[in-house]
Amino acid sequence: MKKRSVASVLYLSAVLAVLYLPIVIVVLYSFNDNPARIPLAFTGFTTRWYHQLFTSRNNYGDALLLSLNVAFWSVLISTVIGTLGAIGMAQRTLRGKAKASWLDTFMETMVTLPIMIPEIILGLAFLVVFNAAGFQSNEVRLVLAHTTFCIPYIFLTVKSRLVGMDVALFDAARDLGASPRQVMLDITLPLCRPAIISGAFLAAAMSLDDFVISFFVYGAGQGTLPILIYSSVKVGVSTQVNALCTLLIAAAFLLVAISRYISAVRSAGRRKTART
């Protein structure tokens, strides 16, 4: 039993090292004073790369704002469409009709198709369609493209939440005189809120991380942050890129910490209420 425990610890340590060692290296090299394009040698500790990160010469700030703006609108639109679509598709199950028709299966397959198509094919398809339609605004093209592949993440997350609900909740609300609108606003959406939030965060991460589709869709210019980073690392990994990645990693850990804190506070509140 002891040997098995030691082996488990060693295995878990190896997995964690593979996962987090590259992140630690990126954070460490963001403080490297070596100005070389590929700074392999650590010549000293400095924070000047963080001060120079968002200068007009590098355009990292503009690219980050563009990525955040596109992600915001894409997630907002896809959350509305995906949530309403999931509620509509789950109506048959909520009404007790467990077996969906071929049309339901077909529509659900079509909704989830964008996450199954290779990104390079999807990006080329968007490029052809947008050029044929005459869309000139790069930001509008990005929002439309990102909304398309963000909808399936919202749809699948919310629908999986809906099909696990007890139909008696909705029947009881209707028996008490609630209108369909009240059932939607007071029962369905509050119960789906955790799924909607998690799906929205997943869609935001996919939007901020996307490179292939954005590369095809965006016209002339520096583009989004992934495009700018890719264009800058083709000739070497700049220390400023490491600094930018460190800030993004810190933001991700901060969001996770806030989420865990809120969950802990709510759990403590529920336990206190149950004791009283």
Side-chain angles (χ1 to χ4, degrees), residues 23 26-27 29-31 35 37 46-82 114 119 122-123 126-127 129-131 133-154 196-259:
I23 298 178
V26 168
V27 174
Y29 272 79
S30 67
F31 299 99
R37 292 297 302 177
T46 184
T47 58
R48 60 175 174 148
W49 308 118
Y50 291 90
H51 297 288
Q52 299 177 6
L53 186 58
F54 297 106
T55 60
S56 58
R57 182 185 62 183
N58 297 315
N59 297 321
Y60 286 116
D62 295 337
L64 179 59
L65 290 177
L66 175 62
S67 296
L68 292 175
N69 191 36
V70 170
F72 172 79
W73 288 110
S74 301
V75 171
L76 180 63
I77 299 172
S78 61
T79 298
V80 175
I81 297 175
E119 283 193 344
L122 199 60
F126 281 129
L127 176 63
V129 171
F130 290 155
N131 288 341
F135 288 116
Q136 300 297 326
S137 174
N138 288 326
E139 190 166 346
V140 173
R141 290 157 66 109
L142 284 173
V143 170
L144 292 176
H146 285 210
T147 300
T148 302
F149 69 77
C150 284
I151 289 177
Y153 297 100
I154 309 291
I196 295 173
I197 294 175
S198 61
F201 273 108
L202 179 59
M206 298 302 298
S207 176
L208 291 172
D209 185 61
D210 179 75
F211 165 75
V212 177
I213 295 177
S214 300
F215 180 78
F216 277 93
V217 170
Y218 200 84
Q222 66 183 17
T224 59
L225 188 61
I227 297 177
L228 182 61
I229 291 177
Y230 175 79
S231 62
S232 64
V233 301
K234 287 190 294 186
V235 293
V237 181
S238 172
T239 312
Q240 293 178 3
V241 174
N242 292 331
L244 179 61
C245 293
T246 301
L247 293 178
L248 294 177
I249 292 170
F253 276 101
L254 180 61
L255 288 176
V256 172
I258 293 175
S259 176

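Residues: numbered from 1 along the sequence shown. Just so it is clear, the model here is predicted, and its values are computed rather than measured.
Between the CG atom in L64 and the CG atom in L228 there is a gap of 10.5 Å [rounded to 0.5 Å]. In this structure, the separation between CD1 on I154 and CD1 on I197 is 11.0 Å, given to the nearest 0.5 Å. Taken to the nearest 0.5 Å, the CG atom of L66 stands 6.0 Å off from the CG atom of L142. Atom NE2 of H51 sits about 12.0 Å away from atom CD of Q240, to the nearest 0.5 Å. Y29 contributes atom OH, which lies 9.5 Å from atom CG of N242 (distance to the nearest 0.5 angstrom). To the nearest 0.5 angstrom, D62 atom CG is 12.0 Å from N69 atom CG.
Looking only at distances, a side-chain donor or acceptor of N131 sits under 3.5 Å from a matching main-chain atom of L127. No donor-acceptor pair under 3.5 Å is formed between the side chain of S214 and the backbone N or O of F211. With S231 contributing its side chain and I227 its backbone, the two residues share a donor-acceptor pair below 3.5 Å. Side-chain atoms of T147 come within 3.5 Å of backbone N or O of V143 as a donor-acceptor pair.
Of all the heavy atoms in A203 and C150, the pair that sits closest is O-SG, 3.5 Å. What you find for W49 and T46 is that their closest heavy atoms are NE1-CG2, 3.6 Å. Closest of all the heavy-atom pairs between A200 and T79 is CB-OG1, 3.9 Å. Of all heavy-atom pairs between P226 and S67, the closest is CD-OG, 3.9 Å. Shown here for R141 and F130, the closest heavy-atom pair between the two residues is O-CE1, 3.4 Å.
Tested against L225, the residues D209, L208, L244 include a single side-chain contact (heavy atoms from CB on, under 4.5 Å) partner, L244. Paired with W73 under the rule side-chain contact (heavy atoms from CB on, under 4.5 Å), one option of L76, V70, V75 passes, and it is L76.
Using cut-offs of 30° and 60° for the angle between ring planes, the H146 and F149 rings count as tilted.
Considering only heavy atoms from C-beta on, Y50 comes within 4.5 Å of T246 through its side chain.
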side-chain contact (heavy atoms from CB on, under 4.5 Å) assessment of F126 paired with I213
CA-CA 8 Å; F126 281 129; I213 295 177; 3.9 Å; yes
Would you please test L254 and I258 for side-chain contact (heavy atoms from CB on, under 4.5 Å) and show each step?
CA-CA 6 Å; L254 180 61; I258 293 175; 4.1 Å; yes
